[in-house]
Peer 1: 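Please read through the structure below; I'll follow up with questions.
Throughout, a chain's letter reflects where its sequence line sits, starting with A, and its residues are numbered from 1.
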Amino acid sequence: MTLSTNLIIFTAVAYISFLFLLAFVSDKRARQGKDKFLRSPLVYTLSISVYCTSWTFYGSVGSAARNNFEYLAIYLGPTLVFVGWWFILRKLVRIGHRQRITSVADLLSSRFGKSSRLAVLVTFIAVVGTTPYIALQLKAVTTSIQVMSAAGVQGTFDGIDTIGLGFAVAATMAVFTILFGTRNVDANEQHHGVVAAIAFEAIVKLVALLAVGIFVVFGLGGGPSQIYAGAQAAGIDIHAGNIFGPRWVAILVLSAAAVLCLPRQFQITVVENANEDHLRTASWAFPVYLLLMSLFTMPIALYGLSTLPNGANPDMFVLTLPLSAGNPGLALFAFIGGFSSATSMIIVATIALSIMISNHIIMPIALRSSQAMERGDGRGVTQLLLTSRRASIALVLFLGFLYFWLSGNSDALAAIGLISFAGVAQFLPAMMAALFWRHATVNGAISATFIGFIIWAWTMFLPSFSGTSDMVAALVAQGPWGFDILKPQQLFGLGGMDPLVHSVFWSLFFNVSTLIIVSLFTQQSTVERIQAALFVDVFKKNSDRPPNFVPGSASVKDLFFITQRVLGATRAHATFDEFATDQGFRRSNIQPSSKLILHLEKELAGSIGAASAHVVLSSVLSGHEVSLEEVMMIADETQQAIEYSQQLEEKSIELETTAQQLQHANEQLKEHDVQKNDFLSQVSHEVRTPMTSIRSFSEILLTHDDLSKAEKRKFTSTIHDESLRLTKLLDEILDLNNLERGVRHWSNEPTDIFTVLERAIAICEPMASNKNAKIITNISPDRLRVLGKADRLTQVFINIISNAIKYNDTQNPQIWVSTLTTDEDYTVQIQDNGPGIAAADRLRIFEKFSRGRDVETRYESGSGLGLAISRQIIHHMEGQLELAQSDNKGTTFKISLRRVVPT
Amino acid sequence: MASPKKIEDIAFSLPLFGVILIIPPIINVFSVDRTIFGVPFFVIYIFAVWIALIFLTFSLSKKLPANGAKSDDAVLDVQVDAPTNQHDAPPK
C-alpha cells in the first residue's frame with residue numbers, strides 16, 4: 001500500500017464526513033430523548049480528553065525528545081486536579097448547574113456581581129490565548145499531511161500549499177462547528193452531537209497512539225529495556241538529570257490550572273456536564289486516559305532519536321517511525337489520530353470562545369443599542385444570538401488561520417501550548433476566589449486578572465515572537481528603551497531563571513497579590529455579595545434561597561415580553577407555564593415577584609450569559625420608580641443578616657438552650673441526690689431504733705438466766721412488737737417505692753366510694769372505741785363512683801382516720817367524716833377535734849418520715865410514711881389529698897377524687 | 001469503615017500527598033541513575049505514584065457520600081429547566 005496525497009486527503013475528508021454523520025445522529029437521538037448513552041459518565045470522561053490536542057499527540061514526543069520526561073508534568077497536573085475533584089471540580093460543576101454558567105467568563109462575571117467588564121476582559125484573554133493554539137492545531141494538521149505525502153506517490157493535490165490546506169481545514173471546522181454548535185440556543189449550552197463526536201475522537205486518538213506505541217516498542221524496538229539500552233548506546237542520557245526543578249513545578253501548576261481554566265476544558269467539564277455524579281467516574285477514568293496517552297511517549301521519542309537520521313523532526317516521530325518501518329497503514333491510522341486531536345480541540349475551543357464572544361461582547365452591545373429588542377415578533381434576540389454565535393465561530397477560526405498564516409513556518413508555534421496554558425492560568429486566582437473566598441471583590445478580580453495578563457503578555461507571549469521579529473528580539477535582549485529592569489525575560493532584574501518559570505512566577509505573583517490587596521481595600525456591591533454567598537455556600541442546604549428583594553413595579557407583561565424576545569415565544573410560554581405550575585397557581589395569577597425575576601434571570605442567563613441577562617432584566621425593571629439595584633440595597637440588610645448571621649445565631653441559641661437544659665437537669669439530679677441521701681439516712685435511722693431494742697432485749701434474754709417468766713414474756717413480746725414494726729416499716733418503704741415508680745402499672749377503675757368509706761370506718765371502729773372516740777359520719781348515700789382502686793382508697797381513709805384517732809388526746813375524741821359532691825369531684829372531709837398539727841409541721845407532714853410533733857407518742861405512731869403513701873395513691877387516682885385546716889381545735893383533711901359520671 | 005467525614009478528609013489529603021510525591025525534593029530522591037529492567041528508576045516511580053493515585057481515587061469515588069445533586073437538582077430543575085433539559089437518572 002502506498003500513500004498518495006489524494007488518499008490522505010480523501011481519508012481525512014471521509015473521517016470528517018463520518019464525524020458529521022455521528023454528530024447528526026447523536027443530536028437527533030438526544031432530541032428524541034434517547035440520549036442515555038450520550039449522557040453517560042464514559043462519554044463525559046472521553047470528551048474531557050479534549051485536553052489532549054495534537055500538541056500532546058505529536059508534540060509530547062517532540063517534547064520528550066528535547067526536554068526528557070518533562071512532558072509528564074503536562075499530564076500529572078490534570079491528574080492531581082481530578083484526584084482532588086471533590087473539592088474544586090465538584091463545586092465548579094454544582095455552581096455551573098445552579099447558576100446556568102455558560103463559559104469561564106460567565107462564571108467569573110456571575111460571581112463578581114454579574115460584571116460585564118470582567119466578562120469582556122476574560123473573553124479577550126481567552127481569545128488571545130486560544131487563537132495561537134488553534135493555529136498550532138492547523139499547523140499540526142498541515143505538517144502531518146505534508147509528512148505523510150512526502151513519503152508517498154505524488155498526487156493531484158500537490159499543487160496545494162500549506163496555507164491552502166490550513167484554510168481548508170479551518171473552513172471545514174467552521175462549517176462543522178456552526179452546524180452542530182449553534183443549532184439552537186437551548187438553556188444549558190449543551191451540544192450532544194458535538195460531545196458525541198469529541199468522545200469518538202478521544203477513542204481514535206488514544207487507540208492510534210497506543211497502536212503506534214506498541215508497534216514501536218514491541219514491534220521495532222524489542223521491548224522497553226531494549227529501547228532504553230539502544231538510546232544509551234546512541235549516546236542519549238536516559239536519566240532524569242536535573243529536570244525536577246522549578247520548571248517541572250511550574251509546568252505542573254500550569255497544566256493543573258489549564259484543565260480548570262482553558263475555555264474548552266471548562267466547556268466540556270462544567271457546561272456540557274449532564275450529571276454531577278459523572279465526575280465520580282471521571283475522577284479516576286480521566287487520569288487513566290492520561291496515563292495511557294503518556295505511556296509510550298518516551299520510548300517512541302528515544303527510538304526515533306536513536307534510529308532516525310539526525311535532523312528528523314521529533315514532533316512527527318509518531319508518523320515517521322511507522323512510515324520508515326514500512327507500515328503506511330499504521331501511519332495513516334496515526335495521522336487520523338493526530339487529526340482527531342486537532343479537530344476536537346478546534347471544535348470545542350471555537351464553541352467555547354464563540355459563546356463567550358457573543359454573550360459577553362456582541363450581545364451586551366446589541367442589547368444596549370436595543371434595535372433587536374424593538375422587533376415585536378419575539379424572535380429578534382434569538383436570531384441575533386444565533387447570528388452572533390455563528391459569526392463568532394467564523395471569526396475565531398479565521399483569527400486562528402490568520403495567525404497560522406502570518407507565523408508561517410517559524411517555530412513560534414511550537415511553544416504556544418505552554419504559553420496558552422500560562423495565559424489562561426491568569427483566571428485561576430479569580431476562579432479560586434470565586435469558589436472559596438467570600439470577600440473577593442470585582443475590582444480585585446478585574447485588576448488581578450488584568451495585571452496577570454499584562455505580565456504574561458510581556459514576559460511570555462511577546463518574547464515568543466522574537467524568532468520572527470527582529471524588533472521583538474531586540475526588545476527582549478535590551479529591554480524597552482534600554483530599561484534593563486523591564487526586560488521581558490528578566491523582569492525587575494530577576495535573571496538566571498528559566499523564562500517559563502520567570503513568567504509564571506511574576507504573573508501569578510502579581511495576580512494573586514493584586515487580588516488579595518484590592519479585594520481587601522474595596523467594597524462589594526449588593527449583587528456581588530449575594531452572588532458570593534450563592535457561590536461559596538453552594539453546598540449548604542439552603543443556599544438556594546433567593547434574595548428577598550421586591551422587584552419594583554415591573555408588570556408580568558413586561559417581563560414576559562422581554563423573555564419572549566430572548567428565548568422566543570414557545571420557550572417563553574413554557575418558562576412561564578412551568579413557573580406557574582411550580583408555584584402552584586394559574587398562569588394568569590403570576591405576580592411579578594422576586595422569585596419570578598430570579599427564575600427568568602437564570603433562564604435568560606442560560607442563553608445569553610449572566611451579565612447580559614442582568615442587563616436585559618434591569619432594562620425592564622429600572623424604567624420604574626424603584627430600580628432593582630435600589631431594592632436589592634434595601635433588602636441587603638435582611639440578606640446579609642440571613643446569609644451571615646442566621647446560622648451563627650441559630651447555633652448560639654441552640655447552645656444556650658442546651659446549656660440551660662443541662663443546668664436544669666443537673667439541678668434536678670442534685671436535688672434528687674439530696675433527697676435520696678435524706679431518705680436513706682432516715683430509713684437507716686428508722687430501722688435502727690427497733691433493731692436496737694430488739695438487740696438489747698435479746699441480749700438481756702441471752703445473758704440473764706434468772707429472769708422471771710413474766711419478765712421473759714414481756715421482753716419477748718417487745719421483741720415481737722418491734723419486729724412487726726420493722727416489717728411494717730419495710731413494707732411501707734417498698735410500697736412507697738413502688739408507688740413512686742409504678743405509674744405505668746397503675747390502672748384506675750370506677751369505684752363505689754360509699755362502700756369504700758363504710759369499710760374503712762368499720763375497720764377503724766374498734767380502734768376508736770378503744771380510745772373512747774366517736775366517729776360521726778355524714779356520707780351521701782348515693783352510690784357514686786369515683787376514679788380509683790377500692791383497696792388503695794380504703795388504705796388511705798384508714799390511714800387518715802386512724803391518725804385522727806391516734807393523735808387525739810382530748811377528753812372527748814370525735815371524728816367527723818363527711819362528703820361533698822360536685823359535678824366532677826367527690827370530696828371526703830375528715831375532721832377531728834384533736835390538738836391540731838403544729839404550724840411548723842403543717843407544710844411537711846406529707847413528706848417521708850415526717851411525723852406529728854409528739855415525740856413521746858412515737859411508739860404508738862407509724863413509720864411516718866403513711867401520709868406520703870396516701871398522697872401518692874391519691875395522686876395516681878388523679879385526685880388531691882390536702883390538709884384543709886389545722887389549729888388547736890382540730891384538723892381537717894380533704895380528699896378530692898374524680899367522679900365517674902355514667903354516660 | 002471510616003465515617004463520611006473521614007473519607008472526605010482522605011479525599012482532601014490525597015491530592016496533597018500526590019503533589020508532595022512528584023515535586024522536589026522527594027522526587028529527586030528517586031531520580032537516581034539506576035534502572036529496573038532497563039527502564040530508569042524514576043520513570044517507574046512516577047508511574048507507580050500515578051497508578052496508586054488512580055487506584056485510591058477509584059476506591060474513594062465509591063465511598064464518598066452521594067452528592068445529593070439529584071435531589072437538589074430535581075427541585076431546581078423543575079423550577080428553572082426547560083423541559084428539554086431534564087437530567088437523566090445516573091446510570092446504575
Peer 1: At a 4.5 Å cut-off on heavy atoms, which part of A:Y75 comes close to chain B: side chain, backbone, both, or neither?
Peer 2: both

Peer 1: Before accepting this row, confirm whether a basic side-chain N of the pair B:D9/B:K6 lies closer than 4.0 Å to the acidic partner's carboxylate O.
Peer 2: no

Peer 1: Looking at A:G84, A:A285, A:P287, which makes the most heavy-atom pairs under 4.5 Å with chain B?
Peer 2: A:P287

Peer 1: Is the backbone of B:I22 close enough, under 3.5 Å, to the side chain of A:W248 for a donor and an acceptor to pair up by distance?
Peer 2: yes

Peer 1: Measure distances from A:S283 to the heavy atoms of chain B and classify the residue's part below 4.5 Å as side chain, backbone, both or neither.
Peer 2: both

Peer 1: With distance as the sole test, does A:R90 use its side chain to make a donor-acceptor pair with the main-chain N or O of A:R280 at under 3.5 Å?
Peer 2: no

Peer 1: Do you know which of A:L290, A:L80, A:L291 has the most heavy-atom pairs with chain B at a distance under 4.5 angstrom?
Peer 2: A:L291

Peer 1: Given a strict heavy-atom distance threshold of 4.5 Å, which part of B:I46 is in contact with chain A: side chain, backbone, both, or neither?
Peer 2: side chain

Peer 1: Using non-hydrogen atoms and a 4.5 Å limit, figure out which bit of A:L600 sits close to chain B: side chain, backbone, both or neither.
Peer 2: neither

Peer 1: What part of A:T581 gets closer than 4.5 Å to chain B, counting heavy atoms only: side chain, backbone, both or neither?
Peer 2: neither

Peer 1: Using ring centroids (six-membered ring only for Trp), state whether B:F42 and A:F244 fall under 6.0 Å.
Peer 2: yes

Peer 1: May I ask you to decide if A:A231's main-chain N or O and A:Y303's side chain share a donor-acceptor pair within less than 3.5 Å?
Peer 2: no

Peer 1: Can you tell which part of B:V43 gets under 4.5 Å to a heavy atom of chain A, answering side chain, backbone, both or neither?
Peer 2: side chain

